[in-house]
Structure formats: structure tokens, C-alpha cells
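Have a look at the structure below, then the notes.
Numbering of ligands and ligand atoms starts at 1, following listing order.
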Amino acid sequence: MVEKKSVKLYINPGNSLLLSGRGRTEVRQGQVEILGAILSKGASFKVRLGRQIPIFSPEFKSIIIGEGFFKWVFVREDPIPSSWRAVIDELLVKPNSTIVIIGQTDSGKSTLSQFLSNSVLNFSKVVGLVDADVGQSDLGPPGFISASLVRRKVIDLRNIKPITMEFVGALSPSRAFEESIDKVKRVKESLLLYNPDYIIINTDGWLDNEGVAHKKKLIEKIKPDIVIELCQGESLIKEGSYKLITLNPPSHVMKRTQVMRRLSRLANIVRFLKGAEAKVVKRDEILFLEDHEPRVGDVAAVYENDIVRGIALYGGELEERKEIFYTRVNSFTKIVMSDINAREILDLIKGKTGSA
Ligand SMILES: Nc1ncnc2c1ncn2[C@@H]1O[C@H](COP(=O)(O)OP(=O)(O)O)[C@@H](O)[C@H]1O
Ligand SMILES: [Mg+2]
């Protein structure tokens with residue numbers, strides 16, 4: 001039997017290991033905490049490419065086995081700032097609150113939403129998550145605003161299935177200022193039907209002048225109980241009808257390059273296209289963009305009446321008035337195109353299905 005290459009990493013009590021993938025890991029000894037989730041001996045999980053996971057060993061000497069490709073750093077501290085942990089106490093006394101998280105790109109927004117969700121699940125049953133970061137989404141594909149109900153702690157937000165999605169069709173809400181806000185509101189409202197204990201809304205990192213105006217408008221429309229701003233210096237927004245909490249980004253965030261961001265987006269698209277097949281669509285069922293000639297591999301949203309059912313990739317023209325799309329959605333009434341391109345994924349799907 002071929003032995004897989006593996007590494008054995010020791011974490012001293014009170015220290016942590018920052019592990020970036022891609023690979024699979026297992027807790028061999030001790031007990032660790034990953035963003036509010038406790039993992040004991042025998043627990044295993046994956047670390048995907050381009051993501052750094054902080055593994056904290058609060059009390060014991062822990063051993064982590066890594067199989068695959070890893071980079072790692074040891075730090076002599078809790079990777080979660082104490083100010084982040086203090087927020088949990090505030091949430092404990094504010095059940096049923098809606099929390100909006102804002103901050104620059106790579107300030108730790110997704111990590112904070114995951115940490116908060118995992119942590120409040122210690123004393124609540126169900127958390128509603130809204131992912132409104134259309135450029136670096138985790139719950140839904142890029143270009144979509146998605147919402148999920150979470151009942152269990154997770155190591156990776158991408159393991160959660162969205163229950164409802166809206167399509168923005170761009171990697172930044174700057175191209176859909178009002179529309180993106182309305183769509184966040186809609187997915188949030190659909191979560192309310194399930195009566196979650198908390199709703200946590202993660203946003204995009206667009207925070208120049210116009211971006212700040214967008215976040216203010218979003219806050220005005222969503223009416224959260226708490227806004228958490230991740231920032232180093234001065235706060236970009238003021239307290240209002242909501243409580244404003246400003247937190248520092250963690251000291252060890254990993255800045256991602258444009259290439260890493262794109263790879264991360266492509267990997268996220270693949271998730272929603274497993275089992276996708278070529279479907280013939282009549283041109284009058286497709287909403288094309290006015291100023292964009294469709295390219296093979298362009299991302300589209302598949303609608304059944306007014307409900308987003310999933311994602312499709314444009315496969316090209318078949319014959320007059322008919323086009324090909326690759327999707328796993330079977331029943332649809334409309335396809336809405338975008339100029340987000342994922343040609344590489346289309347090639348992958350075609351290679352696998354062996355179709356034209
Ligand atoms: N406390 C931390 N310790 C180690 N790595 C972290 C920590 N917080 C975030 N990171 C890593 O830094 C990167 C950026 O964080 P992320 O939450 O994705 O930022 P944002 O959502 O604001 O773009 C991610 O790879 C994440 O895993
Ligand atoms: Mg993020």
C-alpha cells in the first residue's frame with residue numbers, strides 16, 4: 001500500500017496552529033477549538049486551498065495529523081481576539097437579534113460570522129446566516145446572495161447548503177446598488193419564517209465613499225439590532241437605532257491575491273454544478289445583458305417563476321434561437337445571464353460528461 005505523505009504537528013496548551021490547505025487533517029490527541037467549534041480526538045476535517053484555519057489548543061497538548069499539502073505557522077496565543085469572545089456575552093443577553101458585519105476585504109468578516117454562529121449555537125438552536133458578499137461568497141455561488149439555517153457548528157461555511165438565493169450577477173454590489181440591498185432584505189425576510197435565534201449577515205468589502213453609503217443604506221433597510229464593524233482605525237459608521245460594536249481584525253488574517261480569490265470563486269462554482277448536464281434553452285427564456293456579448297462559460301441564474309433554483313454556465317449557441325446551458329436544475333422558466341466567467345469549470349464539466 002502506498003503510504004500517503006503526512007505531517008504530525010504538536011500544539012502546546014494555550015498555543016495555536018494556523019494551517020493553510022489543501023489537505024485533510026485529523027485530531028490525533030487532545031482537544032482543539034476551531035472558530036468556536038470544539039474538536040476531540042478522532043475528529044477530522046478538510047482545509048481547502050487558499051484558506052487558513054486557526055486551530056487553538058486551549059488546555060491540552062494536542063496533536064494534529066495533516067495529509068496532503070499544507071503550510072503552517074505556530075502562534076503562542078488564542079487566534080480569536082478577546083474582544084471577539086466578549087461579543088458572545090452580548091449576544092447571550094440579546095436573543096433574536098439581527099447582526100450585520102461590515103469590514104474591508106480580508107478583515108476577517110467571514111471568519112467572524114462563522115465564529116459567532118458556532119459560538120451562539122452553545123446556547124441556541126438555530127442561526128440564520130446571510131451571505132451578501134457576492135465577490136467572495138461562501139454559502140452560495142459568486143454573484144448570488146444566499147441564506148442558510150444552521151443548527152450545527154461548522155469548520156467551513158462552504159459545507160452549509162443555502163435554502164434561498166437571489167441573483168445579483170456581479171462580483172460587487174456597486175453594479176446593483178439598490179437591487180443588492182433589496183435582495184439582502186428578501187433573503188433575510190425568508191429566514192424570519194423559520195424563527196431563528198439569531199440572524200448574522202455578512203457583507204462585501206466595498207467600503208470607499210460610495211461603498212460606505214451602500215452599507216449605510218443596507219443598515220437602514222435591514223434594521224439590525226447590532227452592527228459589527230471590523231476596522232483598525234476610525235469607524236466608518238456611527239451608532240444609530242442599532243448598537244455599533246467595533247472590533248479589530250485578528251492579528252493573523254491571511255491576505256489573498258487576486259489569483260487566490262479567483263480560484264476560490266471557481267472552486268465555489270464547482271460545488272453547485274456537480275452532476276450538471278447540457279440543457280437546451282429557447283432564446284426567449286433567456287435574459288441577456290444589454291452591454292455584454294455572452295461568452296462560453298458565463299455564469300447565469302436559473303429561475304423557476306421568480307425563484308432562483310441554481311446556477312448555470314453558458315455553453316454557446318445550438319441553432320437559431322436555441323442556446324446550451326450546463327446546469328443541474330431540471331425545471332426552469334427563465335435564465336438570467338451575467339458577465340462573471342467560469343470557462344475553466346465549463347471545460348471541466350464537458351470533459352467529465354463527455355458531451356459536445
Ligand atoms: N483569527 C485568525 N487566525 C488565523 N487566520 C485567520 C483568522 N481570521 C481570519 N483568518 C484567515 O484570514 C483570511 C481572511 O479572513 P476572512 O474571514 O475570509 O476575511 P473577509 O471575509 O473579511 O474577506 C482567511 O483565510 C481566514 O481563514
Ligand atoms: Mg469573506
Taking atom 7 (C) of ligand 1 as the reference point, the nearest protein heavy atom with its distance: P250 CG, 3.9 Å

Heavy-atom distance to atom 18 (O) of ligand 1: which of K109, R256, Q136 wins? R256

Between H214 and S180, is there a side-chain donor-acceptor contact under 3.5 Å, judged purely by atom types and distance? yes

So for S107 against ligand 1, with non-hydrogen atoms under 4.0 Å, the contacting part is both

With respect to W84, which candidate in L35, D78, L116, T111 satisfies the side-chain contact (heavy atoms from CB on, under 4.5 Å) definition? T111

Atom 16 (P) of ligand 1 sits nearest the protein heavy atom T111 OG1, 3.5 Å

Just go through P79, G50, S264 and tell me whose heavy atom is the nearest to atom 1 (N) of ligand 1. P79

Scan side-chain atoms only and decide if N268 and R271 contain a donor-acceptor pair under the 3.5 Å cut-off. yes

Nearest neighbour in protein (non-hydrogen) for atom 19 (O) of ligand 1: G108 N, 3.1 Å

Measure the distance from atom 12 (O) of ligand 1 to every protein heavy atom, then report the residue, atom name and distance (to 0.1 Å) of the closest one. M254 N, 2.8 Å

Tell me whether N202 has any N or O atom under 3.5 angstrom from an N or O of ligand 1. no

Could you verify whether a donor N or O on one side chain and an acceptor N or O on the other, from K46 and N159, lie under 3.5 Å apart? no

With a 4.0 Å cut-off on N to O distance, would you call R48 and D138 a salt bridge? yes

List the atom of E317, the atom of E323, and the distance in Å for their closest heavy-atom pair. CA-OE1, 3.4 Å

Filtering Q104, Q52, M260, Q114 for the heavy atom nearest atom 5 (N) of ligand 1 leaves Q52

Under a 4.0 Å heavy-atom limit, does V253 contact ligand 1 with its side chain, its backbone, both, or neither? both

Axial cation check for Y303 ring with K334, 6.0 Å and 45° limits: yes

Charged N-O contact under 4.0 Å between E26 and R28: yes

How far is atom 23 (O) of ligand 1 from its nearest protein heavy atom, and which residue and atom name does that atom have? D106 N, 2.9 Å

